[in-house]
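Before any comments, here is the structure.
Just so it is clear, the values below take in all heavy atoms, side chains as well, and ignore hydrogens, waters and symmetry mates. Being a predicted model, the structure only gives us computed values, none of them experimental.
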Amino acid sequence: MNPLRTVVAAAVITLAVPAMAQAKTKEMYVGSPPATTKKLGEATVANAFFPSKLTVAAGDSVKFVPAGFHNVHVPKKGEGAAPFLIPSGQKVAGLNDAAGAPFWFNGQDAMGLNPAVVAAAGFGKKFTYTGAEAIQSGLPSEKAKPMTVKFSKAGRYTVYCDIHNGMKATVKVVKKGAKTPTAKQDAAAIKKQSDAALAAAEGLATAEQPASTVALGVAAKGGVEYLGMVPANLTVAPGTTVKFAMTKGSYEPHTATFGPGDITDPNSYIGAIAKSFESPAIDPKAIYPSDVTPVSMSPTLHGNGFWNSGVLDAASGTPLPGEASVKFDTPGKYTYYCVIHPFMVGSVTVQ
Ligand SMILES: [Cu+2]
């Protein structure tokens, strides 16, 4: 090739660059950044994108960095978050309790994890979002790589985590070439959000609850939640009805589940129920409340001391209730778990 022509061509390219405005890539953590996660400790989560608001220009990309058990879903135009739990198409059938009595939920929908969420494999890939098609990361594996999404059109887009109902972020896309916050400003927004999350996490584990009430997790602003029973040990007099309640602002689902066995042993009664959350066919005994009429808890309820609140959440857009109650007449110590978060354990002592 003629060397002069090469030089001229190179000069033209160089001149063209400033006019094109370089496309940028900005990061958004899908969950709290590692340093914040560490400070929050094992029992507290921040179900949020960091930063929860990001401004880019058309043609720029957002690199969604996995940072916890969350997915990323940029819905198709006009749509919202996807439900994580959906009817599997089967009906519950032939389920009896340990005393041989059929459970009330025979004939109800069996539930499973939404395949649109769990079967997607978007982490580690690059996409362009136009609004015509949804972008879905799917569940993060242990070593999930970031998912990069190029936003081609100006607009305001909501990004969801379908696992945690309420966890969302805004990506504002300004017109191509328009000024957007600097990397320093973006880092400052993450820092501010992290500091607020750490402040909100203070004191949740010991938060005062109404009489005879146990909070299943204690949520605070910004998706922050202490994942524990509060109070962890409750003592009541015989004849007391205890209420298990979700707290306002929670993006988590929880249960209060009493039953025999070891939650960590999948061959035990309660362990099998907890384990089923890792399978496509979730045990209906985990999903549905064990009873729809008031019952009295005892070591022989349902033949083996089983009682379940069923899955509860604090969201208004789901059919799930936010609380469940059971009466305690028989003295003793009763241990219960959240079968979705098996490390959440509590006890009720009746004396
Ligand atoms: Cu989430």
Side-chain angles (χ1 to χ4, degrees), residues 83-119 163 165 214 216 229 241-246 252-313 315 318-330 332 334-348:
F84 191 42
L85 266 183
I86 60 164
S88 68
Q90 311 276 96
K91 295 285 180 194
V92 180
L95 271 189
N96 292 347
D97 68 12
F103 280 111
W104 73 268
F105 44 82
N106 284 309
Q108 300 291 313
D109 287 327
M111 303 295 284
L113 302 181
N114 187 349
V117 180
V118 298
I163 303 168
N165 202 315
V214 175
L216 301 177
M229 311 298 186
T241 294
V242 175
K243 185 199 277 184
F244 297 93
M246 297 294 299
E252 296 275 355
H254 297 301
T255 74
T257 312
F258 297 74
D262 174 352
I263 195 93
T264 64
D265 175 6
N267 296 315
S268 73
Y269 194 83
I270 199 165
I273 293 173
K275 180 77 183 169
S276 80
F277 272 96
E278 294 168 29
S279 74
I282 299 169
D283 191 332
K285 297 197 291 299
I287 302 284
Y288 289 101
S290 57
D291 299 274
V292 278
T293 51
V295 290
S296 176
M297 185 61 194
S298 79
T300 56
L301 180 62
H302 287 294
N304 60 356
F306 177 62
W307 182 83
N308 187 15
S309 64
V311 179
L312 307 179
D313 75 13
T318 75
L320 297 172
E323 58 179 61
S325 297
V326 64
K327 196 168 174 230
F328 288 85
D329 291 306
T330 311
Y334 302 86
T335 300
Y336 63 95
Y337 298 90
C338 168
V339 290
I340 301 168
H341 306 93
F343 52 88
M344 290 175 66
V345 54
S347 72
V348 177

Q: Evaluate side chain to side chain contact (heavy atoms under 4.5 Å, CB included) for L312 paired with H254, printing each intermediate quantity in order.
A: CA-CA 5 Å; L312 307 179; H254 297 301; 5.6 Å; no
Q: Please test V214 against K243 for side chain to side chain contact (heavy atoms under 4.5 Å, CB included), starting from the C-alpha separation and ending with a verdict.
A: CA-CA 6 Å; V214 175; K243 185 199 277 184; over 6 Å; no
**Q.** Residue pair V345, I263: steps toward the side chain to side chain contact (heavy atoms under 4.5 Å, CB included) verdict
**A.** CA-CA 10 Å; V345 54; I263 195 93; over 6 Å; no
Q. Step by step, would you call F277 with H341 a side chain to side chain contact (heavy atoms under 4.5 Å, CB included)?
A. CA-CA 10 Å; F277 272 96; H341 306 93; over 6 Å; no
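In plain terms, the two heavy atoms of P299 and T330 that are nearest each other are CD-CG2, 4.2 Å. Annotation for V311 and P321: closest pair O-CD, 3.9 Å, computed over non-hydrogen atoms. Considering all non-hydrogen atoms of both residues, M246 and E252 come closest at CE-O, 3.1 Å. Here the closest heavy-atom approach between residue M229 and residue T255 is recorded as CE-O, 4.1 Å. Heavy atoms only, all atoms of each residue included: P266 and T264 are closest at CD-O, 3.3 Å. Taking both residues in full, the closest heavy atoms of A286 and I273 are given as CB-CG2, 3.4 Å, listed atom of the first, atom of the second, then distance.
Formation of a donor-acceptor pair under 3.5 Å by the T300 side chain with backbone atoms of G303 is not found in this model. The main-chain N or O of P260 is never found under 3.5 Å from a side-chain atom of N304 such that the two would form a donor-acceptor pair. Judged by distance alone, with hydrogens and angles left aside, the side-chain atoms of D291 form no donor-acceptor pair with the main-chain N or O of V295 at under 3.5 Å. At least one donor-acceptor pair closer than 3.5 Å links the side chain of S290 to the backbone N or O of N308.
The aromatic rings of F103 and H302 are tilted relative to each other, their planes meeting at an angle between 30° and 60°. Ring geometry for F258 against Y334 counts as perpendicular: the plane angle is over 60°, on a 0 to 90° scale with 30° as the lower cut. Classification of the F244-W307 ring pair by plane angle, with boundaries at 30° and 60°, yields tilted.
Residue pairs that meet the side chain to side chain donor-acceptor pair (under 3.5 Å) test with at least one member in residues 102-112, sequence neighbours left out, are K91-D109.
By the side-chain contact (heavy atoms from CB on, under 4.5 Å) test, S296 is found to be paired with D329, residues two or more places apart in sequence or in another chain being considered.
F306 places none of its side-chain heavy atoms less than 4.5 Å from the side chain of L301.
Counting only N and O atoms by type, the side chains of D262 and S268 include no donor and acceptor under 3.5 Å apart.
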